[in-house]
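Below you'll find the structure, written out as structure tokens, and then a few comments.
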Amino acid sequence: MEKLFQGLNKHRIWGYAIFSVPLYLFLFLAIMVFAANQMDVIPGSMVGSIGAMFVIGIIMGEIGDRLPIWKDYIGGGTLLALLGGSLLVYFNLLKPSTTDSIGALMKSTDFITFYAAVLITGSILSIDRKVLIKSFLGYIPTILAGLVGSAIMGLIGGVLFGKSVEEVLLYYFLPIMGPGTGAGAVPMSQIYEAAGLGDASTFLSTAVPILTLGLVMSIIFGAIANKIGHIFPKMSGDGRLSRKEMPEDVKDDQKKEVSARSCASGFLLATAYYIMGVILNKIIPPIMGVSIHAFAYMVILLAVSNMIGLIPQTVKDGSKKLQGFFAGQLSWVIMVGVGVVYVSIADVLAVLTFSNFVMVLFVILGAAAGAALMGWLMGFFPVEAVITAALCMSNSGGAGDVAVLGAAHRMNLLSWSQISSRIGGGIMLIIASILMSMFA
């Protein structure tokens, strides 16, 4: 039997590798996973969910990264993995054991938070301390400029389609630029009801489909921004936000030999700093009625630790190495989970009218224009400023950050995207309170 497979492996087709696994072996593994799905016996543990997500993600990712046009302008393997997971649910091709297992991993086990914590830790610790200080001072103004641009362009779109200022700001600007459903649309709906504008369900019925369309469009724009960076290299830092950060330093870091123990220390930092963020979230009262998310505190704590030189270089190297593994090898896996659990194809189809499409397009383009302009003035590369300060505001929160950065091939910018989603998201709730009070 061993000689048989060795002979097959020498054949040109059977010797082809998918995800570094020989084709014959990958097909065998995939068939077993598909059989378990059809038998409705996918285990409810992490073993079952990750096994199913790996197989689906690898297939979708490999196809998406090879399709002409799609791979360069639509989102490549990252977006196809996300849409693939969502489409499998939409067409009822995943049995309950599979969807329940993936749902438990993404929600109950909250694997996406662990994934994000690792990427945030590595990305912040990879930034030079002096650059980090200057970048923080300019990043919030870049987010605010994106919000101003999105509101202006949204109002222009409203003029084209005969929509009132109230309708544009409440039902397009706020949901799209807000921090997703749970942290954005839901509290906004409560503000909406408290302001006397109507029932919370009325706001949600419109906001959730619109923000879902905004998520999909933001992912596509992430891929387009990446392509623009290749066409106009002076506009992009190829993953570096600040124009003062030297690419030679990044290359030198990547050549370092990093021990397995140093990588393990990256796990310790990621989990411990997130726990510290949770503690601060519990003991610090809401600011202007807005509770600051644990991720936002985590970003601040890591940034301060980096600025004052608290973390040794060996531990930094381990965190960066771990981040590279998670971003490079697990992104398709995470995207399948996001698609299965968080993206509803039915919601997207429900609002896919020409006027809604153009309105969402205008809001996102306005955010991109504002962030690019202010980002350049603040010393950032426009492409990276658009991806983080604009698209990671219009992408429905944390899960959307991962999707956009994956499509843009810039997972190392997750720390900046979290500032957008968390701190920027808090700013949006404050803006929602003001606007809804004005229109009450």
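Bear in mind that the values here come from a model prediction, so they are computed numbers and not experimental data. We count residues from 1, following the sequence as given.
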Measuring only between side-chain heavy atoms, which start at C-beta, is [X] closer than 4.5 Å to [Y]?
| X | Y | result |
| --- | --- | --- |
| M217 | F221 | yes |
| I431 | M428 | yes |
| M411 | V402 | yes |
| V336 | M60 | no |
| V404 | T388 | no |
| M53 | M335 | no |

- request: Look at atom NZ of K95 and say whether more than 12 heavy atoms of other residues, nucleotides or ligands are closer to it than 6.0 Å.
  value: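 No.
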- prompt: CZ of F232: more than 12 outside heavy atoms within 6.0 angstrom?
  reply: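 At most 12 heavy atoms, drawn from other residues, nucleotides or ligands, come within 6.0 Å of this atom.
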field: W376 six-ring centre to R243 NZ/CZ under 6.0 Å and within 45° of normal
entry: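 Yes, a cation-pi geometry.
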task: Could you check whether the rings of F54 and F19 sit parallel, tilted or perpendicular, using 30° and 60° as the cut-offs?
output: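 Taking F19 first and then F54, their aromatic rings stand perpendicular (interplane angle over 60°).
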message: Is the ring pair F326/Y115 parallel, tilted or perpendicular, if the boundaries are 30 and 60 degrees?
response: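 Judged by the thresholds at 30° and 60°, the geometry between F326 and Y115 is tilted.
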field: Ring centres under 6.0 angstrom apart (F362, F357)
entry: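 Not close enough - the centres of the two rings lie 6.0 Å or further apart.
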